[in-house]
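Chain letters run A, B, ... following the sequence lines, proteins first and then strands; every chain starts at 1.
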Protein chains: 2
Amino acid sequence: MLNNLKDNFSHLFEDALLEEINNVGTLKEVKEGDKLIEIGDYVRSMPLLISGAIKILREDDNGDELLLYFLERGDTCAMTLTCCLGQKKSEIRAMAELDTILIMVPIQKMEEWMGKYKSWRNFVLQSYHERLTEMLETIDSIAFLNMDERLVKYLQNKQKITKDTIINSTHQEIAYELNTSRVVISRLLKKLENLGEIELFRNSIKIISL
Amino acid sequence: MLNNLKDNFSHLFEDALLEEINNVGTLKEVKEGDKLIEIGDYVRSMPLLISGAIKILREDDNGDELLLYFLERGDTCAMTLTCCLGQKKSEIRAMAELDTILIMVPIQKMEEWMGKYKSWRNFVLQSYHERLTEMLETIDSIAFLNMDERLVKYLQNKQKITKDTIINSTHQEIAYELNTSRVVISRLLKKLENLGEIELFRNSIKIISL
DNA sequence: TTGTGGCAGTAACAAAGGTTACATTTCGAA
DNA sequence: TTCGAAATGTAACCTTTGTTACTGCCACAA
């Protein structure tokens, strides 16, 4: 685990902190599609992402869903941070977008390190900043963009995260994450295909140029 | 200023910290409608709200606007925190919703206090948590609610912030903050009036029961 | 091989929200 | 007092998005 840590976090944390994380953290591997946190769960440890990607989703009372953002290598979950500190229930759902490796750190440590390590404080604050920025981008999308533009952004984002021009999603799955209906997505995807920007297959979409 | 501080922050900060804030902070009064921060500004100090209310707005490239949330007594601006630390430009606009009194703390101090005072750390983290939560609520509204429901929420919120059943806004102003058009707001307000939930006047709206 | 369930294509229609246009009212400044 | 700008009311129409319904297609298991 120490190697994993050094590879991904040595530019952020001093050796003493890396050592501590190595001592108290536990390595966790999850498969694509696995659920990490459900809305209402209490959170007892904080994830540091080594590899893979996690998607963070919001859901309303009717079960309508919305993709908020992705976490990647070197990230942590800002929601978790506050849940830990405040002993509050999770407001979001976290699912593995890809096969993912993370280090789980017990919550007591995170407070202790806040006083002890400047690099840890910066990391935590930086994480908050990134998450707030991503929330702003999400708000921009749903407030200012039409569904066709949101869809294009979604596909671009997905490509960036998976590093693959083939997106393995059904229209229904995309519709859930954008909180719309399958028919709408099919309609817009077909339009993009007619423009030559994507190619449609069963269970997958190939990005030509977006 | 020390009295202001003690009245509003003594339950959060230890005496030594209150003392420090008192030494380095400057009192600032702004009038309703004053602009505090514009998008693109560099932020050099951090506000602690003593009284009044600040509204935080987002704008896109076309000048379309959206109200994100309000800051009240005891709050600080999480955006500012990260802007300060990262030396980044502001992503948002801040306007005084009411006459407001705040204490401005220079940014160098905030880092110093992070290491020195546990109560400061908790305050900063707590602020982030509240802001993230409010961003989530904003997302819920625009993603899951129709305009009529968003309008009702907006009016309720406004009432809560101003502690007044009379809302002094034009339809155009409301339309800006909800990123829609004046005609749409007039239409929906008239519907609410017909339901007996509000009463409409020139430049103001009286809330009967929402 | 055949049936079954999930996936995608598409048409027709409905609803919400945005746009344009114009009339009326109100208020403050000249 | 009068004029003009700003605020509001309202109709007609358009666009976007959501809904319903039905089709064919594909993959897999019985």
Side-chain angles (χ1 to χ4, degrees), chain A residues 33 59-67 139-155 158 166-207, chain B residues 33 59-67 139-155 158 166-207:
Chain A
E59 197 181 79
D60 78 351
D61 306 329
N62 305 321
D64 295 330
E65 217 176 59
L66 182 77
L67 173 66
I139 287 178
D140 285 350
S141 292
I142 51 182
F144 302 131
L145 299 184
N146 285 347
M147 194 53 82
D148 53 349
E149 300 167 297
R150 287 179 59 198
L151 177 59
V152 167
K153 257 196 147 182
Y154 174 90
L155 295 174
K158 203 96 168 175
I166 306 284
I167 293 170
N168 291 299
S169 304
T170 66
H171 300 184
Q172 182 62 71
E173 286 166 357
I174 298 174
Y176 281 139
E177 302 203 339
L178 293 176
N179 186 39
T180 180
S181 74
R182 196 270 308 168
V183 179
V184 170
I185 294 299
S186 294
R187 190 151 66 200
L188 296 175
L189 283 174
K190 184 51 73 179
K191 214 180 281 178
L192 286 175
E193 187 176 45
N194 290 337
L195 290 170
E197 302 186 3
I198 61 174
E199 215 174 324
L200 298 175
F201 303 93
R202 190 186 174 83
N203 291 313
S204 74
I205 300 165
K206 179 173 180 186
I207 296 183
Chain B
E59 198 181 79
D60 78 351
D61 306 328
N62 304 322
D64 296 330
E65 219 176 58
L66 182 75
L67 173 67
I139 288 178
D140 285 351
S141 293
I142 51 182
F144 301 132
L145 299 185
N146 286 347
M147 195 52 83
D148 54 348
E149 302 168 295
R150 286 179 60 197
L151 178 58
V152 168
K153 255 195 151 184
Y154 174 89
L155 295 173
K158 203 96 168 176
I166 307 284
I167 292 170
N168 291 298
S169 304
T170 66
H171 299 183
Q172 183 62 71
E173 286 166 355
I174 298 174
Y176 280 139
E177 302 203 338
L178 293 176
N179 187 39
T180 178
S181 76
R182 197 270 308 166
V183 179
V184 170
I185 294 299
S186 293
R187 192 152 65 199
L188 296 174
L189 283 174
K190 183 53 73 180
K191 214 181 280 178
L192 286 175
E193 187 177 45
N194 290 336
L195 291 170
E197 302 185 3
I198 61 175
E199 215 174 324
L200 298 176
F201 304 93
R202 189 185 173 82
N203 291 313
S204 73
I205 299 164
K206 180 173 179 186
I207 296 183

Extract from the structure each pairing of a protein N or O with an N or O of nucleotides 27-30 of chain C at less than 3.5 Å, listing the distance.
none

Review point. Quick one: are L189(A) and L151(A) in side-chain contact, heavy atoms under 4.5 Å?
Key: yes
Study note, to complete from the structure: With sequence neighbours left out, the residues meeting salt bridge (charged side-chain N to carboxylate O under 4.0 Å, His left out) with E193(B) are K190(B)
Practice item. Can you check each nucleotide of nucleotides 10-17 of chain C against protein heavy atoms at under 4.0 Å and return B for base, S for sugar-phosphate only, - for none, in 5' to 3' order? Key: BBB----B
Check your understanding: Rounded to whole angstroms, how far apart are NE2 on H171(A) and P on dG9(C)?
Key -> 5 Å
Review point. Would you say V184(B) and L178(B) make side-chain contact, with heavy atoms under 4.5 Å?
Key: no
Check your understanding: Base, sugar-phosphate, or nothing for T170(B), non-hydrogen atoms under 4.0 angstrom?
Key -> sugar-phosphate
**Study point:** Pairs meeting criterion side chain to side chain donor-acceptor pair (under 3.5 Å) with involvement of residues 198-207 of chain B, two or more places apart
**Key:** none
Practice item. Could you tell me the separation between the CG atom of L188(A) and the CD atom of E149(A), rounded to the nearest 0.5 Å? Key: 10.5 Å
Check your understanding: Please give, in whole Å, the distance from dT17(D) P to I185(A) CD1?
Key -> 10 Å
**Study point:** Straight-line distance of I174(B) CD1 to L155(B) CG, nearest 0.5 Å
**Key:** 5.5 Å
Point to revise | Residue mapping more 5' on DNA chain D - nearest nucleotide basis, N179(A) or S169(B) | key: S169(B)
Review point. For L200(A) and H171(A), which heavy atoms make the closest approach, and how far apart are they?
Key: CD2-NE2, 4.4 Å
Review point. Taking atom P of dA8(C) as reference, at what distance in whole Å does atom CG of L192(A) sit?
Key: 15 Å
Point to revise | E199(A) CD to dA8(C) P, straight-line distance once rounded to whole Å | key: 15 Å
Revision key, fill the gap. Residues passing the side chain to side chain donor-acceptor pair (under 3.5 Å) test with S141(B), sequence neighbours excluded, are K153(B)
Exercise for review: Can you tell me the distance, in whole Å, between the CZ atom of F144(B) and the C1' atom of dG18(D)?
Suggested key: 16 Å
Check your understanding: Once you round it to whole Å, what is the distance between P of dG6(C) and CD1 of I174(A)?
Key -> 19 Å
Review point. Tell me: CG of N194(B) to P of dT10(D), nearest whole Å?
Key: 8 Å
**Study point:** For atom CG of D64(A) and atom P of dG18(D), their distance in whole Å
**Key:** 10 Å
Practice item. Output all residues satisfying salt bridge (charged side-chain N to carboxylate O under 4.0 Å, His left out) with E177(B), sequence neighbours left out; order by chain, then residue number. Key: K55(B), K158(B)
